[in-house]
Amino acid sequence: MTEEASGGTQPPDGSETVEAQLPDGFEIPDDSEVKVEAVNPQGRSLWIPLPWIPVPTQPPPPPTTRPPVTTTRPPVTTTRPPVTTTTPPVTTTPPPVTTTPPPLTATIAERSPQQGGPGSQVIASVLVTNTGATSIGVQTVVLTAPAGTRLLNGYLGTWREPDVEDNYPGTLSPDGTTSTCSGVPVNLDPGQWAVFYTAVIVDAGATPGPAPVTFAIGTPAFATGTGSITVL
């Protein structure tokens with residue numbers, strides 16, 4: 001390498017400038033100079049200007065500390081909207097029930113009349129039959145004697161099968177023509193029957209012929225009939 005080629009200064013005294021073979025692609029900057037001493041075959045010291053080669057430095061290792069990771073999750077809303085559990089009121093009042101029983105009905109039929117003259121006692125009787133759908137229980141029975149006669153004592157007698165006979169007192173009117181018998185246990189189921197009777201006195205001067213005695217059951221009466229006697 002010559003001085004012109006290297007662009008460097010002259011070698012020091014006592015040394016020679018020699019041409020050095022550089023590797024391919026290697027260039028020497030104009031403002032760099034490196035001194036290398038060597039011994040040539042003749043035993044002389046050689047001064048070889050070489051470029052200054054900066055020693056590359058290794059890049060710093062990447063940081064090993066990772067940035068913090070945010071692990072806090074956003075809050076989750078767990079509050080549910082209120083649920084309406086109120087049910088509408090239920091009407092538990094039942095409609096009124098009609099408890100009116102069917103009406104009581106009965107027939108009062110005349111039996112064979114007995115005969116009697118003035119001053120005699122004669123029995124007037126009727127056959128009472130329950131013709132309704134409801135049992136007939138305790139009732140009031142009113143007895144009424146026809147003109148020319150009067151009730152003996154105001155008692156009501158009953159007879160029914162199997163040969164059961166009872167008597168019930170009544171309240172007589174002042175003239176003895178009417179008797180009110182309260183609390184009489186008629187006690188007839190639908191279709192059942194019983195005989196009702198009472199004693200009558202024939203007055204003097206009574207008109208001869210049939211004299212009907214009235215039997216009325218209930219207050220107000222739901223059954224009315226007559227049992228006649230024959231005045232001689």
Side-chain angles (χ1 to χ4, degrees), residues 84-114 116 121-203 206-207 209-231:
T84 302
T85 58
T86 302
T87 55
V90 180
T91 302
T92 58
T93 302
V97 180
T98 302
T99 59
T100 302
L104 300 175
T105 60
T107 59
I108 300 178
E110 184 178 40
R111 301 179 73 231
S112 299
Q114 294 187 7
Q121 299 180 12
V122 184
I123 299 297
S125 63
V126 293
L127 181 67
V128 180
T129 304
N130 183 355
T131 58
T134 305
S135 296
I136 301 174
V138 177
Q139 298 292 333
T140 297
V141 180
V142 178
L143 307 173
T144 304
T149 67
R150 52 192 170 85
L151 299 172
L152 175 62
N153 52 17
Y155 271 68
L156 170 69
T158 64
W159 180 91
R160 68 190 69 212
E161 292 181 340
D163 198 17
V164 177
E165 188 172 4
D166 292 296
N167 289 282
Y168 304 96
T171 302
L172 275 171
S173 63
D175 61 358
T177 59
T178 302
S179 176
T180 302
C181 303
S182 302
V184 177
V186 179
N187 297 342
L188 293 178
D189 290 333
Q192 286 186 336
W193 58 267
V195 174
F196 285 12
Y197 59 91
T198 190
V200 177
I201 297 177
V202 179
D203 292 334
T207 303
V213 178
T214 303
F215 293 77
I217 302 175
T219 307
F222 60 86
T224 302
T226 60
S228 292
I229 62 172
T230 302
V231 177

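Note that the coordinates shown come from a computational prediction; the quantities given were computed from them, not determined experimentally.
- In this structure, the salt bridge (Lys or Arg N to Asp or Glu O under 4.0 Å) partners of Asp203, at least two apart in sequence or on a different chain, are Arg150.
- Within the model, atoms CD of Glu165 and CZ of Arg160 stand 11.5 Å from one another, a figure rounded to the nearest 0.5 Å.
- Proximity of Leu151 to Thr198: side-chain heavy atoms (C-beta onward) are separated by under 4.5 Å at one or more points.
- Pairing each heavy atom of Ser173 with each of Asp175, the nearest pair is OG-OD1, 2.6 Å.
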Given Val128 and Thr107, is the side chain to side chain contact (heavy atoms under 4.5 Å, CB included) satisfied, shown in steps?
CA-CA 6 Å; Val128 180; Thr107 59; over 6 Å; no

With a cut-off of 3.5 Å and sequence neighbours excluded, list every side-chain donor-acceptor pair involving residues 179-189.
| residue | atom | partner | partner atom | Å |
| --- | --- | --- | --- | --- |
| Ser179 | OG | Gly154 | O | 2.7 |
| Asp189 | OD1 | Ser135 | OG | 2.6 |

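- The two atoms that bring Gly157 and Asn167 nearest to each other are CA-OD1, 3.6 Å, heavy atoms only.
- Counting only heavy atoms from C-beta outward, the side chains of Val213 and Thr144 never approach each other to under 4.5 Å.
- Side-chain contact between Val126 and Thr226 is absent, with no heavy-atom pair separated by less than 4.5 Å.
- Considering Thr140, Ile108, Leu104 in turn, Ile108 is the only one that fulfils the side-chain contact (heavy atoms from CB on, under 4.5 Å) rule with Ile217.
- For the residue pair Val202 and Val231, the shortest heavy atom distance occurs at CG1-CG1, 3.8 Å.
- Between Pro190 and Gly132 the shortest heavy-atom distance is CB-O, 3.2 Å.
- The minimum heavy-atom distance between Ala106 and Ala223, with the atom names listed, is O-CB, 3.5 Å.
- Leu143 contributes atom CG, which lies 12.0 Å from atom OH of Tyr197 (distance to the nearest 0.5 angstrom).
- Between Ala206 and Gly148, the shortest heavy-atom distance links the atoms CB-O, 3.5 Å.
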Between Trp159 and Val164, does the side chain to side chain contact (heavy atoms under 4.5 Å, CB included) criterion hold? Intermediate values first, please.
CA-CA 5 Å; Trp159 180 91; Val164 177; over 6 Å; no

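- Shown here are the side chain to side chain donor-acceptor pair (under 3.5 Å) partners of Thr219, two or more places apart in sequence or in another chain: there are none.
- Here Phe215 contributes atom CZ and Glu110 contributes atom CD; the two are 10.0 Å apart, rounded to the nearest 0.5 Å.
- For Tyr155, there are no side chain to side chain donor-acceptor pair (under 3.5 Å) partners two or more places apart in sequence or in a different chain.
- Taking CG from Asn130 and OG1 from Thr105, the interatomic distance works out to 6.0 Å, rounded to the nearest 0.5 Å.
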Under the side chain to side chain contact (heavy atoms under 4.5 Å, CB included) rule, what do Leu152 and Val200 come out as? Steps first, then yes or no, please.
CA-CA 5 Å; Leu152 175 62; Val200 177; over 6 Å; no

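- Applying the salt bridge (charged side-chain N to carboxylate O under 4.0 Å, His left out) definition to pairs two or more places apart or across chains, none involves residues 124-142.
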Verify side chain to side chain contact (heavy atoms under 4.5 Å, CB included) between Ile136 and Phe222, making sure each step is shown before the conclusion.
CA-CA 11 Å; Ile136 301 174; Phe222 60 86; 3.9 Å; yes

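- Under the side chain to side chain donor-acceptor pair (under 3.5 Å) criterion, Glu161 pairs with no residue at all, not counting sequence neighbours.
- Surrounding CZ of Arg111 are at most 12 heavy atoms belonging to other residues, nucleotides or ligands under 6.0 Å away.
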